[in-house]
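Notes for the one structure printed next.
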Amino acid sequence: MVATFKIITSLHAAFASPRSMPPLSSDNDVASYKQKHKSTYGAKQNHPTTYDDNPVFKGPLQLQQTESPDLHRNRIHHYYRDNDQLCKYLDKDDNIPTHITSSTSTNTILKAICDHLARSNAPVDVKEVTESMEFYLRSGKRLIGAAKRGFQNNAEDTSNSQRTITIKDLCCGHGLTGMLFLACLPPGRIQNTTIQTILVDQTEPQSHSILRDCISEICPWISEETVTFISSPLEEYALNEAKEEAGATIVISTHACGSLTDKVVEYSIDTKVSSTAIMPCCYTGTDRGAPYGIRRMLGVSLSADIRRSFHLQEHDYHVDFAAIPKAITPMNRIVLAERRI
């Protein structure tokens with residue numbers, strides 16, 4: 001009986017979770033560990049240790065869970081008007097920061113934009129606003145971090161040289177998500193770096209320029225000079241676009257329908273972008289290529305995203321999953337990929 005207990009104890013120790021391991025005991029141990037493990041893709045302090053498929057809201061707006069997310073497809077002005085706590089922001093401007101600087105917090109910027117969109121009766125649903133904000137809050141830091149690492153590991157780059165980060169929002173709709181990425185990066189936030197946004201979709205909706213001008217009243221660096229809308233099918237844009245571009249490129253795409261998400265992934269791989277984040281939808285047929293047993297056990301959507309993850313990993317990307325709250329949309333999974341340098 002004692003022998004059996006010892007065997008069980010030793011097996012438990014051998015297969016214990018890394019979180020149960022003792023801490024490094026001395027400075028020498030820490031130095032030795034860092035020397036042996038140079039990858040930047042190990043456990044990270046600010047990253048969640050488990051995947052939450054329905055996280056809590058991080059942004060300034062928190063939608064209630066309803067029978068259908070489509071119930072949140074009402075204009076943001078109407079949502080504020082019908083909410084006892086938010087309606088007060090429709091009648092006054094004193095909540096707008098007089099001057100947003102490089103040190104202004106992301107939450108302050110997003111709250112100011114959100115209130116101003118409502119006050120201006122901007123042509124956008126509250127669902128779309130929360131979706132874009134939550135997407136940024138769960139992917140932006142990591143995408144930008146990957147771009148900055150690329151600069152640091154570039155032998156020709158110096159700390160004093162002017163750099164460029166281009167954020168490409170593909171299949172962008174009215175382009176709110178791409179513009180929010182730029183809005184949350186005021187001039188000077190990243191030293192010696194110019195940031196621009198390129199929005200790509202088949203046609204430019206009338207709402208785009210209205211939203212751009214509305215956001216620019218809060219964030220003056222949002223303008224026609226820093227935000228470019230290209231009206232083009234994704235396939236045509238990918239053919240005409242240069243494969244190698246100066247600076248670092250980040251690709252994002254929220255709810256590119258069906259196989260369009262795979263085309264976004266292929267574009268990211270072909271152009272060797274620094275990082276990419278996609279939030280797929282309309283999964284029918286997108287699981288082709290995943291093993292039958294995986295599809296049968298995990299279903300179409302997860303099988304498709306696992307296949308996409310392996311495809312990105314095979315092309316030197318570190319891949320992770322994140323999610324936005326399901327109260328916004330049931331199609332809430334984000335596939336995050338950072339290029340290994």
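We're numbering straight along the sequence, starting at 1.
In the hydrophobic cluster analysis, where Ile, Leu, Val, Met, Phe, Trp and Tyr join through side-chain heavy atoms closer than 4.5 angstrom, Val300 is grouped apart from Ile294. Connection of Met297 to Tyr51 is established within a shared hydrophobic cluster, with ILVMFWY side chains joined at heavy-atom distances below 4.5 Å, either directly or through further cluster members. Leu71 and Tyr79 fall into different hydrophobic clusters, where Ile, Leu, Val, Met, Phe, Trp and Tyr side chains are chained together by heavy-atom contacts under 4.5 Å. Residue Ile190 is grouped with residue Val227 when hydrophobic side chains (ILVMFWY) are merged at heavy-atom distances under 4.5 angstrom, including chains of intermediate members.
When the side-chain contact (heavy atoms from CB on, under 4.5 Å) test is applied to Ile210, the partners found at least two apart in sequence or on another chain are Pro123. Under the rule for a salt bridge (charged side-chain N to carboxylate O under 4.0 Å, His left out), Asp213 has no partner lying at least two apart in sequence or in another chain. Arg333 pairs by the salt bridge (charged side-chain N to carboxylate O under 4.0 Å, His left out) definition with Asp305, not counting sequence neighbours.
Ring geometry for Tyr237 versus Tyr267: interplanar angle of 30 to 60°, hence tilted. In this pair, Tyr80 and Tyr89 present their aromatic rings perpendicular. The plane angle is above 60°, beyond the 30 to 60° band. Taking the six-membered ring where the residue is Trp, Tyr136 and Phe181 present perpendicular rings, their angle passing 60° and hence far from 30°.
When side chains are defined from C-beta on, Ile165 does not count as touching Thr194, because their heavy atoms never get closer than 4.5 Å. Annotation: side chain of His315 is not in contact with side chain of Lys272 (no heavy-atom distance under 4.5 Å). Using a 4.5 Å heavy-atom threshold, the side chains of Asn332 and Ile328 count as separate. The side-chain heavy atoms of Cys114 and Met133, taken from C-beta on, include a pair separated by under 4.5 Å. With contacts defined as side-chain heavy-atom distances shorter than 4.5 Å, the pair Val335/Leu312 qualifies. Considering only heavy atoms from C-beta on, Phe57 stays 4.5 Å or farther from Leu137 through its side chain. Residues Ile324 and Arg138 have side chains in contact (heavy-atom distance under 4.5 Å, counting atoms from C-beta outward). Taking 4.5 Å as the limit, every side-chain heavy atom of Ser207 sits out of range of all side-chain heavy atoms of Val124.
Within 6.0 Å of atom CD in Glu314, more than 12 heavy atoms from other residues, nucleotides or ligands are found, so the atom counts as buried in its surroundings. Atom CD of Gln206 is surrounded by 12 or fewer heavy atoms from other residues, nucleotides or ligands within 6.0 Å.
For the residue pair Ile113 and Ala183, the shortest heavy atom distance occurs at CD1-CB, 3.7 Å. Considering every non-hydrogen atom in both Gly173 and Asp201, the closest pair reads N-OD2, 2.7 Å. In this structure, Met279 and Ile334 approach most closely via the heavy-atom pair SD-CG1, 4.0 Å. Closest non-hydrogen pair, Leu61 versus Ile76, comes out as CD1-CD1, 4.2 Å. Residues Ser303 and Arg295 approach most closely at OG-CA, 3.2 Å, considering heavy atoms. The heavy-atom pair separating Met179 from Ile222 by the smallest distance is O-CD1, 3.7 Å.
Between Glu338 atom CD and Ile250 atom CD1 the span is 10.5 Å, to the nearest 0.5 Å. Of the inter-residue distances, the one linking Thr106 atom OG1 with Leu180 atom CG reads 11.0 Å to the nearest 0.5 angstrom. Going from atom SG of Cys214 over to atom CZ of Arg119 covers 9.0 Å, rounded to the nearest 0.5 Å. Between atom SG of residue Cys172 and atom CG of residue Leu199 there is a gap of 4.5 Å, rounded to the nearest 0.5 Å. Taking CZ of Arg189 as the start and CD1 of Ile100 as the end, the distance is 9.5 Å to the nearest 0.5 Å. Leu117 contributes atom CG, which lies 11.0 Å from atom CZ of Arg75 (distance to the nearest 0.5 angstrom).
Remark: Lys111 engages Asp115 in a salt bridge, criterion side-chain N to carboxylate O under 4.0 Å. Between Asp316 and Arg340, none of the side-chain N atoms (NZ, or NE/NH1/NH2) sits under 4.0 Å from a carboxylate O, so this pair counts as no salt bridge. Here Asp53 pairs with Lys326 in a salt bridge; the nearest charged N to carboxylate O distance falls below 4.0 Å.
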Please tabulate, for the side chains in residues 253-264, all donor-acceptor contacts under 3.5 angstrom to protein atoms that are two or more places apart in sequence or on a different chain.
{"from": "Ser253", "atom 1": "OG", "to": "Leu170", "atom 2": "O", "distance (Å)": "3.0"}
{"from": "His255", "atom 1": "NE2", "to": "Met331", "atom 2": "O", "distance (Å)": "2.8"}
{"from": "Thr261", "atom 1": "OG1", "to": "Ala256", "atom 2": "O", "distance (Å)": "2.8"}
{"from": "Asp262", "atom 1": "OD1", "to": "Arg307", "atom 2": "NH2", "distance (Å)": "3.0"}
{"from": "Asp262", "atom 1": "OD1", "to": "Arg308", "atom 2": "NE", "distance (Å)": "2.9"}
{"from": "Asp262", "atom 1": "OD2", "to": "Arg308", "atom 2": "NH2", "distance (Å)": "3.2"}
{"from": "Lys263", "atom 1": "NZ", "to": "Glu235", "atom 2": "OE2", "distance (Å)": "2.4"}

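At least one donor-acceptor pair closer than 3.5 Å links the side chain of Asp52 to the backbone N or O of Asn54. With hydrogens and angles disregarded, a donor-acceptor distance shorter than 3.5 Å links the side chain of Asn83 to the backbone of Leu86. Side-chain atoms of Glu236 do not come within 3.5 Å of backbone N or O of Pro233 as any donor-acceptor pair. Using a distance-only test at 3.5 Å, with no hydrogens or angles considered, a donor-acceptor pair links the side chain of Thr104 to the main chain of Thr101. Within the 3.5 Å criterion, the main-chain N or O of Ser216 finds no donor-acceptor partner in the side chain of Trp221.
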*For Gln202 and Ser231, what are the C-alpha separation, side-chain angles and deciding distance, and is it a side-chain hydrogen bond (donor to acceptor under 3.5 Å, both in side chains)?*
CA-CA 5 Å; Gln202 293 195 62; Ser231 298; over 6 Å; no
_Evaluate Thr329 against Glu131 for side chain to side chain contact (heavy atoms under 4.5 Å, CB included), listing each step before the verdict._
CA-CA 8 Å; Thr329 172; Glu131 184 174 275; 3.8 Å; yes
*What do the steps show when you test Asp320 against Arg142 for salt bridge (Lys or Arg N to Asp or Glu O under 4.0 Å), and what is the final call?*
CA-CA 11 Å; Asp320 198 3; Arg142 295 178 68 173; 2.9 Å; yes
_Worked check of salt bridge (Lys or Arg N to Asp or Glu O under 4.0 Å) between Lys58 and Glu134_ = CA-CA 7 Å; Lys58 286 186 175 183; Glu134 294 295 326; over 6 Å; no
*Should His72 and Gln64 be marked as a side-chain hydrogen bond (donor to acceptor under 3.5 Å, both in side chains) after you check the CA-CA gap, both sets of side-chain angles, and the distance that decides it?*
CA-CA 9 Å; His72 294 305; Gln64 297 299 315; over 6 Å; no
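For the side chain to side chain contact (heavy atoms under 4.5 Å, CB included) test with Val251, the passing option among Leu143, Ile278, Ile167, Thr276 is Thr276; the others fail.
Residue pairs meeting the ring-ring contact (aromatic ring centres under 6.0 Å, His included) criterion with at least one member in residues 283-309, sequence neighbours excluded, do not occur. Sorted by first and then second residue, the salt bridge (Lys or Arg N to Asp or Glu O under 4.0 Å) pairs involving residues 176-186 (not counting sequence neighbours) form an empty list.
Judged by distance alone, the side chains of His174 and Glu204 never bring a donor and an acceptor atom under 3.5 Å apart. Using modelled atom types, one finds no donor on one side chain facing an acceptor on the other under 3.5 Å when comparing Gln196 with Thr228.
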